[in-house]
Every structure is written in structure tokens, then in C-alpha cells.
Enquirer: 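Have a look at this one.
Atoms within a ligand are numbered from 1 in the order they appear, just like the ligands themselves. We're numbering straight along the sequence, starting at 1.
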Amino acid sequence: MTPDIKPLVAGNWKMNGARDQLDQLALMSRGLDDELAAKVESAVCPPATLIYVATTLSEDTPLIVGAQDCHAEASGAHTGDISAEMIADCLGELCIVGHSERRTDHGETDASVLAKTVACWRAGLTAIVCIGETEAQYDAGEAEAVLSRQLAASVPDGAKETNTIIAYEPVWAIGTGKTPSPDDIASIHALLRDRLVERFGGPGERMRILYGGSVKPGNAAEILSILNVDGALVGGASLKAEDFLAICEVYRDV
Ligand code: PGA
């Protein structure tokens, strides 16, 4: 947590979930009472096929709906892609960009992630910009250098707390059940905060820095209490309303 920053718990459903998964989304939105919603923002990023029905279902509830990726351009000959404008048209409010699975599976670079972030802003979406080191980079003691480089090159000038959220996701912690030690998370998040403040000043102090990678109900309280951890990006544990809400509940009494 960081004083004066409202945290965000964002679920990334990845390529999971058909229409029957929307029952879980409905349970999530019902579980967010006003008291909890005052403490923490909650979002779900379902597959693109479900965004519009998800925003319809969560209308008038505190649950925010986002997307998992967008194309940098607003429209055109890009078969299979969706634009930030299309996400906004479906009433999505957020978009994850630069997730390590996109960087690995689709060859996305810092430059393309930066362009997608600009696209999010153009469409009025808040971008969740993901960065993270691989296990080899972590083992080689290169995490700080890699993350500094990714942050500098993936986040455009003009980033501020209202248009950009950073997600630190060590690649080796995603879907593995492994997490860095609390001390490691604290020192990486402190480094990211320093870099954001150096570059953006006041907005850098206020930008949210999420941790992602094997966050579950069992470890959420410890991770989310760390200074400069302003919420979580949650994969597997966001598919079940019970688990997702248990992570959000960490903020109820703090
Ligand atoms: P995980 O995924 O929580 O399943 O590790 C996190 C993510 O990839 O955003």
C-alpha cells in the first residue's frame, strides 16, 4: 500500500471463460459492497468476446471491466485485432498492455507496448502497462536493469495516475505458484516508484504500481501490505469469484 493511493485489484482471465463464466463476474460485482468499494477498486479483464456483455452485467456496480490487449491503431486492415476504440465502444475502461505472454507469444516489444499505451489514452482507456524480468534475468541479478529499461521504453511521456497503471509481473512468478520474497517485492516496487517520480514528478508519486504473479487469497495480505504495492494483477485466482473477492477483502479493514 502507499498512503493516499487507492489500490486496484484487477483480474486477468487470459484466454479463459465462455459465457457461463459470467456467473462468476456477477458474483464478483455483487460481493463488492459500498464499504469495500470505498477501499479498493476492482476490475476484471475477460476475453474480448465477453467485454460487452460483462460491462452490461456490471453496470451500476463497482466492478470495472477492461481488456487484455489492443492494437495501436484505431481501425484498419489488421485481421483478428481489436482497437482501444472498440474496447471503449464496449464500455471497457481499462486495457492491459505488454503482458509477458503477449511479449513472448506475439513478439511485442517495448516500442509496441508504448504505442498501445498511447492508443489506450487516445480512446480514453487507462492502460495497465506490464513489465517483468525472466527467471534467467532474475538469477543473473539483472532484474533492476531490465525493469528500469522496460519501464522507460514502454511508458510514454505524459503518463499520469489517471491514464496509466504499472504492473510488475516477474515472468517466472506467473502461473507458477512462485513469488519473490516480500523484501524483493518491496525493493523492486521502491525502485519503480523512484523511476516514476524521477521522470514524471507528482504524477509518478500517485501512479499505481500493481504486483502480479501467483497472487492468491493465501498470500495476498502479505503482498498487498508492502509499501508501494498498490494492488494486484491476478490471473488464475481471478477466475473464481470467491478467490477474487477474498483478495479484494484484504483491503476492508486496513
Ligand atoms: P497468475 O497470473 O496470477 O495466474 O500468476 C498473473 C498474470 O499473468 O497477470
Enquirer: Any carboxylate oxygen within less than 4.0 angstrom of a Lys/Arg side-chain nitrogen, looking at D230 and R206?
Expert: no
Enquirer: Sorted by first residue and then second, give each side chain to side chain donor-acceptor pair (under 3.5 Å) pair with at least one member in residues 114-127; sequence neighbours left out.
Expert: D69-K116, E85-R122, E108-K116, W121-T164
Enquirer: Under the side chain to side chain donor-acceptor pair (under 3.5 Å) rule, what pairs show up with a residue in residues 6-32, not counting sequence neighbours?
Expert: K14-E101
Enquirer: Taking ILVMFWY side chains as joined if any heavy atoms are under 4.5 angstrom apart, and letting links pass through other members, which residues group with V146?
Expert: none
Enquirer: Got the residues with a heavy atom under 4.0 Å of ligand 1, by chain and number?
Expert: N12, K14, H99, E169, A173, I174, G175, G213, S214, L233, V234, G235, G236
Enquirer: Is it true that R103 and D110 make a salt bridge, defined as a side-chain N closer than 4.0 Å to a carboxylate O?
Expert: yes
Enquirer: Quick one: do D253 and K39 make a salt bridge, cutoff under 4.0 Å?
Expert: no
